[in-house]
Chemist: 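To start, I am sharing the structure in question, which I have written as structure tokens.
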Amino acid sequence: NSGLVKAAPRQSEFEPHESSKPVRFSDVHGVDEAKEELKDVVAFLKDPSRFAELGGKLPKGVLLTGEPGTGKTMLARAVAGEAGVPFLFASGSEFDEMFVGVGAKRVRDLFATARKKQPAIIFIDELDAVGGKRSARDQQYMKQTLNQLLVEMDGFVQDEGVIVIAATNFPESLDEALVRPGRFDRHIAVPLPDIRGRAQILLHHMKEIVVGPDVDPMILARGTPGFSGADLQNMVNQAAIQASKEQCKAVALRHLEWAKDRIVMGAERRSSYIDERVKRLTAYHEGGHALTALYTEGAMPLHKVTCMPRGHALGVTSQLPKDDRLMITQKEFLADIDVALGGRVAEELIFGAENNWGYSEKIGPVYLNDREESISTSKREEIENEVRRLLQAGQSRVFTLLRSKQHELHRLALALIEHETLDMEEVEKVIRGEPIRNIKDVIS
Ligand code: ADP
């Protein structure tokens with residue numbers, strides 16, 4: 001393989017133009033969990049051989065998933081910045097862009113350059129453009145490019161000191177070969193920022209401009225649910241341009257509001273701006289999951305609840321298993337069902353049945369998976385009846401539970417609308433009616 005290194009260009013097209021100063025983790029806000037997960041990648045790159053000696057096992061490929069503009073590129077650059085290693089940038093959509101069929105060669109060059117400069121980071125933006133399942137115009141060449149990528153990733157060994165970080169907003173559309181063990185087998189979500197994250201991002205970008213006394217980042221953060229980091233930066237920039245057009249000495253709140261409205265219009269087209277009604281509905285829905293998890297015996301402990309969208313979901317309630325759950329008891333199984341139903345039941349309880357998105361009264365909360373062809377009609381009927389019975393029993397349990405905890409549900413939903421993300425401890429405080437952290441503290 002080393003013969004290929006000679007072919008690498010002296011000055012690689014993949015090296016970024018010398019940017020002014022390296023990005024650090026402290027520049028990226030509102031994505032603490034992703035940063036935490038990337039820390040061992042930094043430790044590895046700082047000293048690959050020592051890491052290997054200590055028996056540390058590291059993925060070769062890390063996949064960052066999330067909407068455009070949430071800071072995936074920035075995070076990858078920050079990993080390079082923290083570790084003090086070169087950052088090689090490539091975009092999946094550009095491999096075969098200029099001349100069809102050169103993709104495979106460019107992938108080879110990219111990896112050869114990285115090996116020469118190791119330890120180093122390769123960043124591939126829009127991985128789905130090479131690794132997509134759907135048919136493309138020049139599928140045959142895309143396949144070659146994809147295969148070359150797989151060959152390169154399989155080719156390097158643990159202590160070689162090259163880490164490939166890729167980004168995509170469509171992880172489910174990736175070719176399965178790409179996400180097999182030993183390739184992009186570590187996935188890290190980079191979500192849209194919640195209200196605290198947005199305030200921090202706004203403050204970060206407002207450092208570069210002069211703002212007037214009427215500008216409160218907290219109020220701006222409150223009014224921008226669904227905005228990505230890039231949207232927020234864009235908002236600050238546009239406000240600054242507008243202020244200078246008007247020959248003002250400082251950027252005022254009205255400039256920022258004006259810029260916000262322009263971006264909302266764009267964001268509505270992308271459908272990532274969250275309107276008040278949807279946020280309220282989501283807060284009750286997630287609140288229902290969370291309360292059910294909290295009060296149902298056998299349920300996995302609650303970890304976090306948020307009414308910020310992630311992937312295709314409007315909100316997320318996450319639980320952490322106590323152990324590996326290799327075996328699951330019937331009690332735990334029923335608890336899982338109840339927690340899953342909690343969202344829907346909460347909505348129905350608060351907003352009435354007609355607000356329930358497309359659930360059928362007759363069929364009940366049943367989802368049918370029709371892939372199993374070999375079952376007889378009568379057997380299938382039996383299974384369906386049993387599933388329906390289980391779910392309906394769950395539904396009435398959860399109804400009884402949430403009806404008796406309506407007061408707590410309201411408290412929780414209101415806190416979610418205000419804070420957007422709550423951890424288990426905060427959920428417990430909120431439902432007891434106790435105050436939680438002052439939101440202003442996070443940004444001071
Ligand atoms: P992605 O790769 O997810 O599309 P980028 O990393 O390219 O997003 O983000 C584009 C720009 O938006 C960044 O250069 C930065 O100025 C701003 N930005 C995005 N996310 C964040 C964040 N989490 N913290 C601070 N700035 C951000």
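For ligands, and for the atoms within them, numbers begin at 1 and follow the listed sequence. As the structure is a prediction and not an experimental result, all values here were calculated from the model. In this chain, residues are counted from 1 in sequence order.
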Chemist: Looking at residues at least two apart in the chain, or sitting in another chain, which of them share a side chain to side chain contact (heavy atoms under 4.5 Å, CB included) with N169?
Modeler: E67, P68

Chemist: At less than 4.0 angstrom from any atom of ligand 1, which residues have a non-hydrogen atom? List them by chain and residue number.
Modeler: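 Within 4.0 Å of ligand 1, protein side: D27, V28, H29, E67, P68, G69, T70, G71, K72, T73, M74, I201, H205, G229, A230, Q233.
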
Chemist: Is the H289 ring parallel, tilted or perpendicular to the H285 ring (thresholds 30°, 60°)?
Modeler: perpendicular

Chemist: Can you measure from CZ (R183) to CG (L174) and round to the nearest 0.5 angstrom?
Modeler: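 Rounded to the nearest 0.5 Å, the CZ-CG separation comes out at 12.5 Å.
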
Chemist: Which atoms form the tightest heavy-atom contact between A199 and A221, and what is the distance?
Modeler: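 Nearest pair, atom of A199 first, then A221: N-CB, 3.6 Å.
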
Chemist: Is any side-chain N of the basic residue among R24 and E82 closer than 4.0 Å to the acidic one's carboxylate O?
Modeler: yes

Chemist: Other residues, nucleotides and ligands only: do more than 12 of their heavy atoms fall within 6.0 Å of CD on E425?
Modeler: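 For E425, atom CD is not crowded (no more than 12 foreign heavy atoms under 6.0 Å).
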
